[in-house]
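Throughout, a chain's letter reflects where its sequence line sits, starting with A, and its residues are numbered from 1. Only this structure's heavy atoms are used, side chains among them; waters, hydrogens and symmetry mates stay out.
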Protein chains: 2
Amino acid sequence: MTTARPLRVLLADDEHLIRGALAALLALEEDLVVVAEAASGPEALAMALAHRPDVAVLDLQMPGADGVKVATSLRAELPDCRTMIVTSHGRPGHLKRALAAGVRGFVPKTVSARRLAEIIRTVHAGNRYVDPELAADAISAGDSPLTVREAEVLELAADGAPVAEIAERASLSQGTVRNYLSSAASKIGAENRHTAVRLARERGWV
Amino acid sequence: MTTARPLRVLLADDEHLIRGALAALLALEEDLVVVAEAASGPEALAMALAHRPDVAVLDLQMPGADGVKVATSLRAELPDCRTMIVTSHGRPGHLKRALAAGVRGFVPKTVSARRLAEIIRTVHAGNRYVDPELAADAISAGDSPLTVREAEVLELAADGAPVAEIAERASLSQGTVRNYLSSAASKIGAENRHTAVRLARERGWV
DNA sequence: GCCACCCCATGACGTTTGTCATGAGCAGTG
DNA sequence: CACTGCTCATGACAAACGTCATGGGGTGGC
C-alpha cells in the first residue's frame with residue numbers, strides 16, 4: 001500500500017502545557033502531523049497562513065482573538081483549511097457562533113486524544129462533528145429572544161454599571177435604557193438585570 | 001549507578017484530553033511514573049488513598065471538590081503526600097487558599113511539560129514552588145479588607161439576589177444586610193454591590 | 001477598665017431601579 | 001395599504017437600594 005499524504009494540523013491553545021501535550025499525543029497518530037502551534041489568536045492566524053494546514057484545531061479562549069474569530073478570518077483567507085474548536089467550558093451560544101463562522105467541529109476537552117484524532121479526520125473528510133451533549137444544550141437553550149438593542153444594552157450592564165452610564169455609552173436616554181433592561185429581563189425570566197445578565201451569559205445570548 | 005525508586009504521581013483533571021496528554025508527557029520523564037488518574041475531586045481523593053502517590057497534581061477546577069479542598073483532605077488523610085495545583089485561570093485568592101491548605105506548588109497551565117516535571121521534583125524534595133507572576137498578582141491584590149460577615153453577605157449577593165432574599169438566607173435584617181453591602185462596596189472601591197462582587201471575585205476575596 | 005473593632009439592629013433620607021402607559025418614526029410582510 | 005414589530009422617547013409611581021446617624025452587646029488588646 002502507498003503511504004498517504006499526512007494530514008497537516010495546526011494547534012492553537014494559549015496553555016503551553018496542554019498544547020505541547022496534545023501535540024505529543026497527536027504525533028502518535030501515524031496519519032497526522034502537527035505542522036504549527038500557536039498561543040494566541042493572531043499568532044494562530046499567522047501560523048496558518050505560513051504553514052497552510054489541512055485542519056486548524058483552535059481553543060475557544062485565547063488572548064488576542066478567540067477561536068471563533070480566528071475561524072472567521074481563516075474562512076476568508078484560507079478557505080481550504082477546515083477549522084474546529086476545542087473548549088473547556090462550552091456554552092450554547094459559542095457553539096452557535098462557531099457554526100455560523102463555518103467551524104466544522106466542536107468538542108469539549110473531556111474527549112480522549114484518540115477520539116480527537118478521529119474527529120480531526122472526520123472534519124478533514126468534509127463532515128461535521130458536534131459533541132452530542134453540547135448540541136443538546138444548545139437546542140434546549142434555544143434562540144435568543146432578545147432584540148439587537150436589548151442584547152446591546154444588557155451587555156453594557158454586564159459589569160454592574162448604573163443606568164446613567166449605560167445610557168451615555170449607548171447614546172440613549174435613561175428611560176429607554178430602563179425599558180430595554182426591563183423587557184430583556186422579563187423575556188429571560190429574571191427578576192433584575194443582574195441575574196438577567198448572568199442567565200443570558202450562560203445561554204450564550206450576549 | 002543504582003536506579004532510584006521512581007517518583008509516584010497522581011494526576012487529577014476533569015478534562016480527559018489534558019489529563020491523558022499530560023500523563024503521556026510525564027511518562028517520558030524517566031524518574032516519574034503516573035500511578036493514578038482522576039476526573040473529579042472525590043475520585044482524586046479515593047485514588048490517592050488507594051495508590052499512595054508521592055505527589056498529587058491537582059487541577060483547580062474539578063467537579064465534586066476543587067483542587068484546594070482535595071489538598072486539604074489529603075493533608076489530613078495522607079500527610080506524606082505532597083500536593084500541587086495546576087490551573088488555567090489563577091486568581092490571587094486561590095493561591096492564598098491553596099498555600100493555607102498546605103499546597104506546595106502552584107503553577108499555571110502555561111508552563112511546559114518539562115518545566116512541570118521539574119517542579120514536581122522540586123515539590124517532592126520538600127521545597128515549594130509558586131509561579132512568579134501569580135505570586136506578584138497575589139501580593140498586589142493584598143489581603144481582603146472585608147470582615148467575615150461582609151464577605152458572607154457579598155457572596156450571597158453574588159447571583160444578583162435582592163436584599164430581602166439575602167437577609168433571609170443570612171438570617172439578618174434587611175437593614176443590616178444593606179449596611180454590610182454598603183461598607184463592603186466602599187472598602188472595595190465599588191459604586192454598587194454588583195461591581196463589588198465582581199472585583200472581590202477577581203481578587204479572590206470571596 | 002478603657003478602647004477599638006466587629007456584629008447586629010433600627011429609622012430616616014434621597015437616589016436608583018423596575019414597571020407601566022403612551023406615542024412617534026420606520027422597517028418589513030402579507 | 002394595513003399590520004406587526006423594533007427603536008426611541010417621556011412621564012409617573014412604587015419598590016428596591018445606598019447612605020448616614022445611632023445604639024447596644026460582644027471580644028480582644030494594652
Side-chain angles (χ1 to χ4, degrees), chain A residues 93 96-97 100 141-206, chain B residues 93 96-97 100 141-206:
Chain A
K96 207 164 294 181
R97 276 204 308 140
D143 267 343
S144 170
L146 304 177
T147 68
V148 179
R149 279 295 132 67
E150 282 165 356
E152 206 174 306
V153 170
L154 204 56
E155 197 149 14
L156 286 172
D159 51 356
V163 171
E165 191 180 319
I166 300 173
E168 196 180 357
R169 290 212 277 170
S171 299
L172 292 175
S173 84
Q174 298 197 15
T176 304
V177 168
R178 285 192 292 177
N179 286 338
Y180 282 161
L181 286 175
S182 181
S183 71
S186 84
K187 278 179 183 173
I188 291 175
E191 296 223 325
N192 57 52
R193 61 201 162 119
H194 303 288
T195 68
V197 166
R198 197 168 47 80
L199 291 174
R201 277 262 162 78
E202 281 173 13
R203 297 175 197 171
W205 293 343
V206 291
Chain B
K96 207 165 295 183
R97 276 204 309 141
D143 267 342
S144 171
L146 304 177
T147 68
V148 179
R149 279 294 134 67
E150 282 165 356
E152 205 174 306
V153 170
L154 204 54
E155 197 148 15
L156 287 172
D159 52 354
V163 171
E165 192 180 317
I166 300 172
E168 195 181 357
R169 290 212 277 170
S171 299
L172 292 175
S173 84
Q174 297 196 16
T176 305
V177 168
R178 287 193 293 180
N179 285 339
Y180 281 160
L181 286 175
S182 182
S183 70
S186 83
K187 278 179 183 174
I188 290 175
E191 295 223 326
N192 58 52
R193 61 200 162 122
H194 303 288
T195 67
V197 166
R198 196 167 48 80
L199 291 173
R201 276 262 163 79
E202 282 172 13
R203 298 175 196 170
W205 292 343
V206 291

Notebook entry, point to check: A:S173 side chain N/O closer than 4.0 Å to the phosphate oxygens (OP1, OP2) of D:dC8?
Noted result: no

Next item on the list: Please work out if B:N179 contacts a base, only the sugar-phosphate, or nothing of the nucleic acid, heavy-atom cut-off 4.0 Å.
Entry: base

Check: Starting at CD of B:Q174 and ending at C1' of D:dC17, how long is that distance when rounded to a whole Å?
Finding: 11 Å

Next item on the list: Among the candidates C:dC8, D:dT10, C:dG18, find the nucleotide nearest to the side-chain atoms of A:T176.
Entry: D:dT10

Next item on the list: Check whether any side-chain nitrogen or oxygen of B:S182 sits under 4.0 Å from OP1 or OP2 of D:dC17, and answer yes or no.
Entry: no

Notebook entry, point to check: Taking the side chain of A:P162 as its heavy atoms from C-beta onward, which of C:dT17, C:dC7, C:dG18 lies nearest to it?
Noted result: C:dT17

Notebook entry, point to check: Over how many whole Å does the gap from B:E191 atom CD to C:dT15 atom P extend?
Noted result: 15 Å

Item checked: Residue closer to the 5' end of DNA chain C, B:P145 versus A:A185 (nearest nucleotide) -> B:P145

Note to self: For B:R201, I'd like to know if atom CZ has over 12 heavy atoms of other residues, nucleotides or ligands within 6.0 Å.
What the structure shows: no

Checklist line | Presence of A:R149 side-chain N/O under 4.0 Å of D:dC6 phosphate oxygens OP1/OP2 | finding: no

Next item on the list: Decide side chain to side chain contact (heavy atoms under 4.5 Å, CB included) for B:L199 and B:H194; before the verdict, give the C-alpha distance in whole Å, the side-chain angles of both, and the deciding distance to 0.1 Å.
Entry: CA-CA 9 Å; B:L199 291 173; B:H194 303 288; over 6 Å; no

Check: Taking CG from A:L154 and P from C:dG18, how many angstroms apart are they, rounded to a whole number?
Finding: 11 Å

Note to self: On DNA chain C, compare the nucleotides closest to A:R193 and B:L172; which residue's is nearer the 5' end?
What the structure shows: B:L172

Margin query: Students often get this wrong, so: under 4.0 angstrom with heavy atoms, is B:R178 touching a base, only sugar-phosphate, or nothing?
Written below: base

Notebook entry, point to check: So which nucleotide from C:dG18, D:dC17, D:dG18 ends up closest to the side chain of A:N192?
Noted result: C:dG18

Next item on the list: Determine whether more than 12 heavy atoms belonging to other residues, nucleotides or ligands lie under 6.0 Å from atom CD of B:E202.
Entry: yes

Margin query: Need one value for B:T147: base, sugar-phosphate or nothing, where a base atom within 4.0 Å counts as base even if backbone is also close, heavy atoms only.
Written below: sugar-phosphate

Item checked: Chi angles and distances behind the side chain to side chain donor-acceptor pair (under 3.5 Å) call for B:S173, B:T176 -> CA-CA 5 Å; B:S173 84; B:T176 305; 2.9 Å; yes

